[in-house]
Amino acid sequence: MNLLRSYLLFVITAFGALSASADIPVDSETNATTNTNTNTNTNTTQLAEALSRVGHMSASFKQQTVDRTQRLMLENTGKLWVNPGAKFRIETNAPAEQTLVSNGQDIWVYDADLEQVIISKLEADLSQVPVLLLGGNLATLDASYAVSVYDDEMGKNYVLSPLSSESLFTSLSISFQQSLPVRIAILDALGQQTLIRLTDVRINDTAEPAIFDFVPPAGTDVIDDRF
């Protein structure tokens, strides 16, 4: 998996690595079957309504990724901003300071340690770039996912199963608490599980337009894959 696809696998983040052991119960969250409503059309409508209330959003996040044996592979924290029109910005904290920015047309993947940025055309495909869900890009939701829903102590949980065989993940769940997204869990085709917890979530918090453009720092190695 190339660098850009590794970034896009996260609904909302970039990766930083930490070797350790952990037990993260992502599998139960991404594959819940208890009290699951299988009325797909109703579930998709409910999810669309829940996401439409998010609109402009900012949040802090903590991400953890484990392998098939539940060994912790990746851990990071950071901040994200999402706006309608496929605009988003994700910044991860040290030790791996990385930035992912989309202005709705182009996407920048910047690695501060490598002093390198990769620029690509944004592939506005919900099965490839699920962060677009949080920005209200719902036109192809029904065509991209089968949706089920269940309730637990976190609140209401929507489980999305991609219909495309080319999707970067096999299952993704979004949990809402008091109408705010608070948790995202992803299971990919390799059996790796990623859990993202959102805190300090703010909706209808309009960001400055400049935050969705990226100007590389002086001396940055620029790799432009748009042409």
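- Partner of Gln98 under the side-chain contact (heavy atoms from CB on, under 4.5 Å) criterion, out of Asp111, Leu114, Asp113: Asp111 alone.
- With Thr194 contributing its side chain and Thr65 its backbone, the two residues share no donor-acceptor pair below 3.5 Å.
- There is no side-chain donor-acceptor pair under 3.5 Å between Thr44 and Gln46.
- Between Val101 and Tyr110, every side-chain heavy-atom pair lies at or beyond the 4.5 Å cut-off.
- Between the CG atom of Asp224 and the CH2 atom of Trp108 there is a distance of 9.5 Å, given to the nearest 0.5 Å.
- Contact of the Ile90 side chain with the Val82 side chain is not registered, since no non-hydrogen atoms from C-beta on lie closer than 4.5 Å.
- Atom CG of Leu172 and atom CD1 of Ile186 lie 5.0 Å apart (nearest 0.5 Å).
- Residues Gln70 and Gln193 bring a donor and an acceptor atom of their side chains to less than 3.5 Å of each other.
- The two residues Arg68 and Ala189 have their closest heavy-atom pair at NH2-O, 3.9 Å.
- In this structure, the separation between CG on Asn103 and NZ on Lys87 is 7.5 Å, given to the nearest 0.5 Å.
- Counting side-chain heavy-atom gaps under 4.5 Å among Ile, Leu, Val, Met, Phe, Trp and Tyr, the cluster of Ile211 also holds Trp81, Phe212.
- Looking at Asp152 and Arg183, a side-chain N of the basic residue comes within less than 4.0 Å of a carboxylate O on the acidic one, giving a salt bridge.
- The backbone N or O of Val222 sits nowhere less than 3.5 Å from a side-chain atom of Thr220 that would complete a donor-acceptor pair.
- Side-chain atoms of Ser120 do not come within 3.5 Å of backbone N or O of Arg226 as any donor-acceptor pair.
- Leu47 CG to Thr45 OG1: the interatomic distance, rounded to the nearest 0.5 Å, is 9.5 Å.
- Nearest heavy atom pair, residue Val117 against residue Pro216, reads CG1-CG, 4.0 Å.
- Inter-residue side-chain proximity for Lys156 and Val149 is flagged as met; some heavy-atom pair is nearer than 4.5 Å.
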For the pair Leu163 and Tyr145, evaluate side-chain contact (heavy atoms from CB on, under 4.5 Å) and give the outcome as yes or no after the intermediate values.
-> CA-CA 5 Å; Leu163 301 178; Tyr145 299 103; 5.5 Å; no

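- The minimum heavy-atom distance linking Lys79 with Ala59 is given by the pair CD-O, 3.3 Å.
- Contacts of Glu97 classified as side-chain contact (heavy atoms from CB on, under 4.5 Å), with partners at least two apart in sequence or in another chain: Ala94, Ala112.
- A side-chain donor from one of Thr77 and Asn93 sits under 3.5 Å from a side-chain acceptor of the other.
- Using a 4.5 Å cut-off on side-chain heavy atoms (C-beta onward), Asn157 and Phe176 make no contact.
- For Val182, the side-chain contact (heavy atoms from CB on, under 4.5 Å) partners are Met154, Ser175, Gln177, not counting sequence neighbours.
- Asp106 has its side chain within reach of Lys121: a pair of non-hydrogen atoms, C-beta onward, lies under 4.5 Å apart.
- Ile203 is listed as a side-chain neighbour of Leu180, based on a closest heavy-atom distance under 4.5 Å.
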Take Ile119 and Ile223 through the test side-chain contact (heavy atoms from CB on, under 4.5 Å) and record every step on the way to the result.
-> CA-CA 6 Å; Ile119 312 173; Ile223 301 174; over 6 Å; no

Can you check side-chain contact (heavy atoms from CB on, under 4.5 Å) on Glu49 and Leu51, steps first, answer last?
-> CA-CA 5 Å; Glu49 291 174 351; Leu51 291 170; over 6 Å; no

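- Two residues are said to be in side-chain contact when any heavy atoms from C-beta on lie closer than 4.5 Å; Leu198 and Ser60 fail this criterion.
- Atom OG1 of Thr92 and atom CZ of Phe61 lie 6.0 Å apart (nearest 0.5 Å).
- At distances below 3.5 Å, not a single donor-acceptor pair connects side-chain atoms of Asp67 with backbone N or O atoms of Gln192.
- Two residues are said to be in side-chain contact when any heavy atoms from C-beta on lie closer than 4.5 Å; Thr99 and Arg89 meet this criterion.
- Between Gln64 atom CD and Leu72 atom CG the span is 5.5 Å, to the nearest 0.5 Å.
- Of all heavy-atom pairs spanning Val159 and Ser171, the tightest one is CG1-OG, 3.7 Å.
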